[in-house]
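Okay, structure first, notes after.
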Amino acid sequence: MPIQKPKGTYDILPEKAFQRNFLEKKVREIFNTFNYSEIRTPAFEKTELFKRGIGEETDIVSKEMYTFKNDEFTLKPEMTAPVIRAYIEYNLGNESPLQKLFYICNMFRRERPQAGRFREFSQFGAESIGSSDPYADAEMIMLADTIIRGFGIKDSVIKINTIGGAEEREIFFKEFKNYLSAYLNELSPDSQRRFVINPLRILDSKNPRDREILNDAPVLYQFLNESTKKNFESILLILNENGIMFETDYMLVRGFDYYTSTTFEFLSDRLGAQNALLGGGRYDMLVQQLGGKPTPAIGFAAGIERILMIMEADNLLPVKNDFPKLFIASIGEESKKFSFKLLETLRKKGVKCETDFLGRSLKSQMKEANRINAEYVVVIGDEELKSNSVMLKKMSDGSEVKVTDTDNLENYLK
RNA sequence: GCGAGCAUAGCUCAGUUGGCAGAGCGUCAGAUUGUGGUUCUGAAUGUCGCGGGUUCGAGCCCCGUUGUUCGCCCCA
């Protein structure tokens, strides 16, 4: 039995690699325009980081992490905790009161694979650390919006909510649980479980009966402080003033414990059962929680596979088109020697070119040149060696020109 | 962790009540010996996912197993 790739992973073959490079290049350009700088962190971290950062009770930490070496280390399941760890470790807050960082990297979660869900997957994301200004929230959402629209994705909907701070939520939970306790038996088994572990997640339930019950439930927003609400209103106003289309959704909840106040998602209904293309929010307590000074921060992460999925469906991805400029065909040993030298000379000058390595007939070499979409072909045979000149053929129209200055062949490859 | 579907050539897939393993695309070669694309001719490539069972006979039926896809959960 040949060995296969691990479950939930994928190989990126050349055609796909080309598309991902295209996507990453575009993402980098936009991050750069918004003055975000790239940060890279190790593929694995101390397990403790994620336990403290994401929350021990979350599904990810409790059952989806790839942990090894006596539970000491874990392949990163998300990027915010590692970025904040580095922020604290290198005192980046001292270097500058506002750090704007972005990343593009792979992450690991031991989930059952599904449409748009993998065990090793890629995200790009940004973290803006140091500001609690509503304009920082707005910038983050506009940055995400610029990237998503920049890809030509049109039907993604932005949903925004605020979930307040821990104290505000405590008050809400009291009322919320009180209300739900009357319906406890009617709730779905999942929601009954959530009732104990993480009541906030019940707001997210897809179960129809759960949704009915939620219709008359207390709304979190009403339990938030005036300042929290005011801040949220400011963000919405700024977005409006800048032409960003969004919907507020008081049911929007996110999976990690570190979120406070603003949360947002970019949704699409074309991702199978998954619907989030991008998700993020404010996490004003995390830096402190991980041992740093109290520092407000906000960020987002976007699923690259999910974005590619939509772009593929909408024909927004480029086809690999980095073809060789020249194919050098040769006939016989002597000419092969000469051809190989010519190949090397041109490559040193930066010309993308190719020759035959299979000892094939001239006809086959021509076919090969055509197959790889070489723009030009030269045939090197005895005649060419004798006359020290070559016929340069343009494949698109079959036209040929005689070139005697073979040392500077690149000048004729227009 | 739970549920459902699928597994035949490199790719996409046919395969009849159980009776010789197939097509299209791709790959390779040739169409008078130094010029591609179009066309024509030909060729190679399969443990029918794997292991059992039923049967004179299994790609097809049954059981198990692995992989995969989709959904639940969760998330990007």
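Each chain gets a letter, A, B and so on, in the order its sequence line appears, and its residues count up from 1.
- The C1' atoms of B:C11 and B:C63 are separated by 32 Å, rounded to the nearest whole Å.
- Comparing the C1' positions of B:G26 and B:U33 gives a spacing of 28 Å, expressed to the nearest Å.
- For A:N370 and B:G36, a side-chain-to-base donor-acceptor distance below 3.5 Å is present, hydrogens and geometry of angles not being considered.
- Closest-nucleotide positions on RNA chain B for A:F266 and A:K7 were compared, and the one nearer the 5' end corresponds to A:K7.
- Among the heavy atoms of the strands lying under 4.0 Å from A:G116 is at least one base atom, whether or not backbone atoms are also near.
- Taking side-chain N and O atoms only, A:R194 has a distance below 4.0 Å to OP1 or OP2 of B:C74.
- Judged by distance alone, with hydrogens and angles left aside, A:R117 brings a side-chain donor or acceptor within reach of the base of B:C74, the pair sitting under 3.5 Å.
- Rounded to whole Å, the distance from CD on A:E127 to P on B:A76 is 11 Å.
- As rounded to the nearest Å, B:G22 and B:C60 have C1' atoms that lie 15 Å from one another.
- Classification of the A:Y179-A:Y183 ring pair by plane angle, with boundaries at 30° and 60°, yields tilted.
- Interface remark: the A:E384 side chain does form a donor-acceptor pair with the B:G34 base, using a distance-only criterion of under 3.5 Å.
- No hydrogens or angles considered: a donor-acceptor pair under 3.5 Å links the side chains of A:R20 and A:S122.
- Among the atoms of the strands shown, only primed sugar atoms or phosphate atoms (P, OP1, OP2) are found under 4.0 Å from some heavy atom of A:A276.
- Closest approach to the A:K393 side chain among B:G71, B:A76, B:G36 is made by B:G36 (side chain taken as heavy atoms from C-beta onward).
- Annotation: cation-pi geometry satisfied between A:K177 and A:F195 (NZ/CZ under 6.0 angstrom from ring centroid, within 45° of ring axis).
- Of the two residues contacting RNA chain B, namely A:P6 and A:V253, the nearest-nucleotide position lying further toward the 5' end is that of A:P6.
- Between A:K363 and B:A29, a side-chain N or O to OP1/OP2 separation shorter than 4.0 Å is absent.
- Between the CD atom of A:E111 and the C1' atom of B:U69 there is a distance of 16 Å, given to the nearest Å.
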Show, in sequence, the C-alpha distance, side-chain angles and deciding distance for A:I372 and A:F323, and conclude whether the side chain to side chain contact (heavy atoms under 4.5 Å, CB included) test is met. CA-CA 7 Å; A:I372 65 176; A:F323 306 127; over 6 Å; no
Would you write the dot-bracket representation of RNA chain B, where each base gets (, ), [, ], | or . depending on whether it forms a Watson-Crick or G-U pair under 3.5 Å and with which partner? (((((((..((((.....[..)))).(((((.......))))).....(((((..]....))))))))))))....
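- Between A:K63 atom NZ and B:C2 atom P there is a gap of 11 Å when expressed in whole angstrom units.
- Side-chain nitrogen and oxygen atoms of A:T58 include none within less than 4.0 Å of the OP1 or OP2 phosphate oxygen of B:C74.
- Each side chain to side chain donor-acceptor pair (under 3.5 Å) pair with one or both residues in residues 324-334 of chain A, not counting sequence neighbours, appears once here: A:K325-A:E375.
- Checked against B:G34, B:G67, B:C75, the side chain of A:Q274 finds its nearest nucleotide in B:C75.
- Using a 4.0 Å heavy-atom criterion, one finds that A:S330 contacts no nucleic acid atom at all.
- Distance, A:N275 CG to B:A76 C1': 11 Å, rounded to whole Å.
- For A:Q114 and B:C73, a side-chain-to-base donor-acceptor distance below 3.5 Å is present, hydrogens and geometry of angles not being considered.
- For a distance-only test at 3.5 Å, the side chain of A:R360 fails to qualify as a donor-acceptor partner of the base of B:C28.
- Checking B:G34, B:G37, B:A76 against the side-chain heavy atoms of A:F121 singles out B:A76 as nearest.
- The residue A:L362 sits close to a base: some heavy atom pair falls under 4.0 Å.
- OP1 and OP2 of B:C70 both lie 4.0 Å or more from every side-chain N or O belonging to A:R112.
- Nucleic acid contact for A:F118: base, since at least one base atom lies under 4.0 Å from a heavy atom of the residue.
- A distance of about 50 Å separates the P atoms of B:G3 and B:A43, rounded to the whole Å.
- No contact: A:E78 has no heavy atom under 4.0 Å from any strand.
- Within 6.0 Å of the CZ atom in A:F68, the count of heavy atoms belonging to other residues, nucleotides or ligands exceeds 12.
- Phosphate contact (OP1/OP2 of B:C28, side-chain N/O of A:K367, threshold under 4.0 Å): absent.
- Rounded to whole angstrom, the span from the CZ atom of A:F50 across to the P atom of B:C74 amounts to 21 Å.
- With both ends at atom C1', the span from B:C20 to B:G34 equals 46 Å, rounded to whole Å.
- The gap from the P atom of B:C6 to that of B:G10 amounts to 23 Å, rounded to the nearest Å.
- Straight-line distance between the C1' atoms of B:U39 and B:A4: roughly 48 Å, to the nearest whole Å.
- Nucleic acid contact class of A:I331 (heavy atoms, under 4.0 Å, all strands): base.
- Between the C1' atoms of B:G42 and B:G49, the separation comes to 32 Å (whole Å).
- The backbone N or O of A:S268 sits nowhere less than 3.5 Å from a side-chain atom of A:S156 that would complete a donor-acceptor pair.
- Side chain A:R306 to base B:C75: a donor-acceptor pair is found below 3.5 Å.
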